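Structure, as structure tokens:
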Amino acid sequence: EYHSWPGIFVATMSGRSRSPHRTADGCSQLKSDAQVRPAFLCLILGGPGSGKTSLGHRLGGIFKGLCHVSSGDIARLATNEQAHKSPLLNSIGRQLGDRRRRKQAMRRLKNITAELLVDCMRNNPKVVGLIADGFRATDILGLQQDQDLCVTCVLRIECAHEIMLARFQERGRREGDDKLGLHDSGDSAARIEAYMQRVDEEEKALKAFYGERYEASVFVIDGCQPPEQCHHAASEFLRNMAGRQGLTFEEGEFRQIDVDWAAQLSMTTAKLDALLHPDGRPRCGTQITEKKK
């Protein structure tokens, strides 16, 4: 039986547990040893081929200090040959190879990705906030409870089935998709249909999480529009959300913040390997703080 670490804060290498700074609305900001920086986290949700990664990459070039990260790309990095040097990732890789354990392995990968986001914020002074794609609406509560990552807002892309299918087929398969089991459901059409069947579940999860803040925190984009219209609508929404958080991002045409995600993944997993056994259980002497749900 494999374990992950939901519901706990893993102590840092110095033996101190993560201490989140609470804001007035109950969300948290990530606290480093030297300072507390506002954590602006926007998730982009949508089906395969809806344009999530393209939109995130574009927004990262418009707002200075916002960095785009694709959790799918991180997951693919976590399953390549280099990643197998990590006992933790090697364990997850073996689990992914067993279809009966693949769902659990994917949950463990998402935990690692969330930890990587925290480390990215702390290790890169230029990063003020993150725009992440590849998560699901049902992951948001766990991000806040387990890693104290408060999702500021959500961009949800709605896109017609046939348009997603055309884009998906044009993109083709990416290296590592098979190891992640992304094609277990069959062809491209089957994968998109699987997403369409859980759209209502995703909507319910968003409404349950945000409650009365749903209308202000979740923005729906018509993914059938030309890309520039999607970018403009998303930019206006992020600008307003940042203002509500007391943040102002410089806007223009910027280079993406240069984060070496392979190196960041290596650093994060090295930390976790020191704290956790390959199956996810805390090592003897590791300081763990239980977080009450």
Side-chain angles (χ1 to χ4, degrees), residues 10 12-14 16 18-23 27-44 52-78 82-83 110-135 140 143-144 147-155 217 219 230-232 234-272:
V10 179
T12 62
M13 295 299 289
S14 60
R16 291 168 292 181
R18 188 175 301 137
S19 176
H21 171 75
R22 295 289 173 183
T23 60
C27 292
S28 64
Q29 294 175 328
L30 302 179
K31 187 174 184 179
S32 67
D33 291 339
Q35 62 181 339
V36 175
R37 292 186 292 147
F40 186 92
L41 175 58
C42 173
L43 295 190
I44 303 179
K52 302 183 297 295
T53 300
S54 297
L55 177 61
H57 185 79
R58 179 70 181 113
L59 292 172
I62 293 175
F63 294 97
K64 189 174 183 179
L66 282 186
C67 179
H68 169 247
V69 55
S70 168
S71 68
D73 289 347
I74 300 301
R76 280 180 278 275
L77 284 173
Q82 184 70 19
K110 284 186 178 180
N111 281 333
I112 290 177
T113 302
E115 192 72 22
L116 178 144
L117 297 185
V118 175
D119 291 342
C120 174
M121 289 290 298
R122 292 184 173 187
N123 297 337
N124 296 276
K126 293 181 180 179
V127 178
V128 179
L130 297 166
I131 303 170
D133 70 72
F135 288 95
I140 294 177
L143 287 172
Q144 180 166 309
Q147 273 78 24
D148 249 23
L149 282 169
C150 181
V151 178
T152 312
C153 58
V154 171
L155 291 167
S217 303
F219 184 67
C230 293
H231 300 161
H232 177 77
S235 298
E236 185 174 353
F237 173 69
L238 288 190
R239 187 182 305 114
N240 292 336
M241 286 302 301
R244 290 175 57 191
Q245 298 292 311
L247 299 171
T248 301
F249 294 110
E250 184 180 347
E251 296 182 44
E253 293 292 332
F254 302 103
R255 289 185 59 186
Q256 285 281 333
I257 297 176
D258 187 19
V259 176
D260 186 336
W261 292 111
Q264 182 62 71
L265 177 64
S266 180
M267 291 173 59
T268 296
T269 53
K271 174 187 72 176
L272 294 175

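Along the sequence shown, residues carry numbers from 1. Bear in mind that the values here come from a model prediction, so they are computed numbers and not experimental data.
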* Candidate list I140, V151, L143, test side-chain contact (heavy atoms from CB on, under 4.5 Å), partner F135, passing option -> L143
* Asked: If we only count heavy atoms from C-beta on, is the T269 to I112 side-chain gap below 4.5 Å?
  -> yes
* Is there a side-chain contact between C120 and V69 (heavy atoms, below 4.5 Å)? -> no
* Structure fact -> When every non-hydrogen atom of W261 is compared with those of C67, the smallest separation belongs to CZ2-SG, 3.8 Å
* Structure fact -> All heavy atoms of T113 vs all of S71, minimum pair found to be CG2-CB, 3.9 Å
* Considering non-hydrogen atoms only, spot the tightest contact between G56 and I131 and give its length. => CA-CG2, 4.1 Å
* Asked: What distance separates Q82 CD from S266 OG, expressed to the nearest 0.5 Å?
  -> 7.0 Å
* **Any donor-acceptor pair under 3.5 Å from T152 side chain to L41 backbone** => yes
* Pairwise distance CG(L247) to CE(M241) - rounded to 0.5 angstrom -> 10.5 Å
* For L55 and C230, work out which heavy atoms get closest and say how close. => CD1-O, 4.1 Å
* Distance from L66 atom CG to C42 atom SG, nearest 0.5 Å? -> 8.5 Å
* Is D119 close to M267 at the side-chain level, that is, under 4.5 Å between some pair of heavy atoms? -> no
* Charged N to carboxylate O below 4.0 Å: is that the case for E250 and R239? -> no
* Asked: Can you say whether the rings of F40 and F249 are parallel (under 30°), tilted (30 to 60°) or perpendicular (over 60°)?
  -> perpendicular
* Quick one: CD1 on I44 to CG on L155, what's the gap to the nearest 0.5 Å? -> 5.5 Å
* Structure fact -> What one should report as the nearest heavy-atom pair of F237 and V154 is CE2-O, 3.8 Å
* Determine the minimum heavy-atom distance between A262 and L77, stating which atoms define it. => N-CD1, 3.8 Å
* Structure fact -> Separation between CD (Q245) and CG (L238), nearest 0.5 Å, reads 11.5 Å
* Asked: Is Q256 atom CD crowded by more than 12 heavy atoms from other residues, nucleotides or ligands, each under 6.0 Å away?
  -> yes
* To do: Keeping the roles fixed (side chain from S217, backbone from C153), state whether a donor-acceptor pair exists under 3.5 Å.
  => no
* Look only at the side chain of N124 and the backbone of K126, and say whether a donor-acceptor pair between them is shorter than 3.5 Å. => no
* Reported CD1-to-NE2 distance for the pair I62 and H57, which is rounded to 0.5 angstrom -> 10.5 Å
